[in-house]
Amino acid sequence: MTESKTTANVATLAPPVLILLGPPGAGKGTQARMLEKRYGLVQLSTGDLLRAAVAEGSEAGKAADKVMKSGGLVSDEIVIAILRDRLASPDTAKGVILDGFPRTTVQAEALDELLAESGQKIDAAISLEVDDEAMVHRIAGRYTCGECGEGYHDSFKKPKVDGVCDVCGASNMKRRSDDNAETVAERLAAYHKQTAPLITYYEKRGALQRIDAMGSIDEIATTVSRAVAEATRK
């Protein structure tokens with residue numbers, strides 16, 4: 001009986017682990033930052049994890065660095081090893097938000113095994129769902145001030161004076177070369193193809209939370225926060 005209670009307590013105290021799913025431009029980064037502030041969670045993106053591990057010179061970081069310098073793709077085993085080290089850091093005590101991993105069901109299964117080592121699990125896989133046609137319009141219309149980085153949009157947020165930044169007054173506006181309708185449509189199609197199995201994977205496990213990501217940032221944040229609160233309620 002004592003052992004059973006101890007096991008239950010470990011599960012209860014295990015920090016929550018959330019996954020953010022969503023295509024480019026769906027607002028994953030924005031929502032992750034808001035969740036960090038509200039719940040004290042730490043956002044862990046694959047790119048940041050790899051760069052930090054390489055900079056720290058950990059064994060997994062050295063392995064990743066060798067692969068990347070040779071132009072190869074870092075293996076799932078190395079990413080899992082880096083993630084294992086990162087989850088052991090004190091600042092993840094309140095929980096984490098995974099962004100960019102897993103991308104496949106094989107990675108999802110490996111992640112489940114890793115989390116089980118510390119009595120953790122995926123508490124919620126939050127899918128930010130969008131209308132593809134609207135997303136093409138949203139992303140293809142983006143541009144920024146080349147001086148201060150202020151963001152604008154052809155339809156939703158034009159500068160007060162055409163071509164002049166409201167913040168710094170510069171007239172050096174820039175668009176990302178891949179922010180065009182054709183490229184965005186291709187990226188969305190690739191995302192849906194890649195992520196569909198993950199959606200099914202977490203749906204079968206009762207962890208999937210679908211969120212309409214076509215509203216305002218605050219509206220989406222309210223819905224996401226509600227889903228997080230529900231998923232992490234013990």
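Side-chain atoms are counted along with the backbone in the values below, which use heavy atoms only and exclude waters and symmetry mates.
Residues D91 and R86 meet the side-chain proximity criterion, which asks for heavy atoms closer than 4.5 Å. Using a 4.5 Å cut-off on side-chain heavy atoms (C-beta onward), L111 and I122 make contact. Looking at heavy atoms from C-beta onward, V96 lies out of side-chain contact with Q43 at the 4.5 angstrom threshold. In this structure, D85 and E59 have side chains that are not in contact, with every pair of non-hydrogen atoms separated by 4.5 Å or more. Proximity of C165 to M173: side-chain heavy atoms (C-beta onward) are separated by under 4.5 Å at one or more points. Using a 4.5 Å heavy-atom cutoff, the side chains of L114 and L87 are in contact. Residues D154 and R175 have side chains in contact (heavy-atom distance under 4.5 Å, counting atoms from C-beta outward). Between L50 and I82, the closest side-chain pair of non-hydrogen atoms falls below 4.5 Å.
Applying the side-chain contact (heavy atoms from CB on, under 4.5 Å) test to A185 and every residue at least two apart in sequence or in another chain returns V136. The side-chain contact (heavy atoms from CB on, under 4.5 Å) search around S75 returns E77, I78, not counting sequence neighbours. Taking E56 as the reference, A52 meet the side-chain contact (heavy atoms from CB on, under 4.5 Å) condition, with sequence neighbours excluded. Y152 pairs by the ring pair (Phe, Tyr, Trp, His ring centres under 6.0 Å) definition with Y143, not counting sequence neighbours. Among residues two or more places apart in sequence or in another chain, the side-chain hydrogen bond (donor to acceptor under 3.5 Å, both in side chains) test is passed with D178 by R176.
Sorted by first then second residue, the ring-ring contact (aromatic ring centres under 6.0 Å, His included) pairs that include residues 87-127, not counting sequence neighbours, number zero. The list of salt bridge (Lys or Arg N to Asp or Glu O under 4.0 Å) pairs with a residue in residues 38-54, not counting sequence neighbours, reads D48-R51. Applying the salt bridge (Lys or Arg N to Asp or Glu O under 4.0 Å) definition to pairs two or more places apart or across chains, those involving residues 138-149 are R142-D179. Residue pairs that meet the ring-ring contact (aromatic ring centres under 6.0 Å, His included) test with at least one member in residues 174-219, sequence neighbours left out, do not exist here. Applying the salt bridge (Lys or Arg N to Asp or Glu O under 4.0 Å) test to every pair with at least one member in residues 192-202, sequence neighbours left out, gives no pairs at all.
With T105 contributing its side chain and A108 its backbone, the two residues share no donor-acceptor pair below 3.5 Å. Checking side-chain atoms of K94 against main-chain N and O of L41 turns up no donor-acceptor pair under 3.5 Å. When atom types are taken as modelled, the side chain of S89 and the backbone of T92 share no donor-acceptor pair closer than 3.5 angstrom. A donor-acceptor distance shorter than 3.5 angstrom exists from the side chain of S70 to the backbone of V67, with no hydrogens or angles considered. Distance alone, capped at 3.5 Å, places no donor-acceptor pair between the Y39 side chain and the G95 backbone.
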Please tabulate, for side-chain N and O atoms in residues 211-218, each donor-acceptor pair with protein atoms closer than 3.5 Å (sequence neighbours left out).
from, atom 1, to, atom 2, distance (Å)
D212, OD1, M214, N, 3.0
S216, OG, E219, N, 3.1
S216, OG, E219, OE1, 3.4

Would you be so kind as to tabulate the donor-acceptor pairs closer than 3.5 Å made by side chains of residues 156-164, with sequence neighbours excluded?
from, atom 1, to, atom 2, distance (Å)
K157, NZ, E150, OE2, 2.6
K157, NZ, G151, O, 3.1

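Between R187 and P24, the shortest heavy-atom distance links the atoms NH2-CB, 3.3 Å. Annotation for A140 and A181: closest pair CB-N, 3.9 Å, computed over non-hydrogen atoms. The shortest non-hydrogen separation linking A64 to V54 is CB-CG2, 4.5 Å. Nearest heavy-atom pair across V167 and C148 is CB-SG, 4.0 Å.
Following chains of ILVMFWY side-chain contacts shorter than 4.5 Å, one cannot reach I139 starting from L20, and the two form parts of different hydrophobic clusters.
To the nearest 0.5 angstrom, I19 atom CD1 is 11.0 Å from S127 atom OG. One distance of note links CG of L18 with CG of D123; it measures 6.5 Å at 0.5 Å rounding. Note that CD of Q209 is 11.0 Å distant from CD of E203, once rounded to the nearest 0.5 Å. The CG atom of L83 sits 6.0 Å away from the CG atom of L98 when rounded to the nearest 0.5 Å. Going from atom CG of L73 over to atom CE of M68 covers 11.0 Å, rounded to the nearest 0.5 Å. For the atom pair CD (Q107) and CG (L198), the distance works out to 8.0 Å, reported to the nearest 0.5 Å.
The number of heavy atoms from other shown groups lying within 6.0 Å of CD (E182) does not exceed 12. The 12-atom threshold is not exceeded at CD of E133, counting heavy atoms of other residues, nucleotides or ligands nearer than 6.0 Å.
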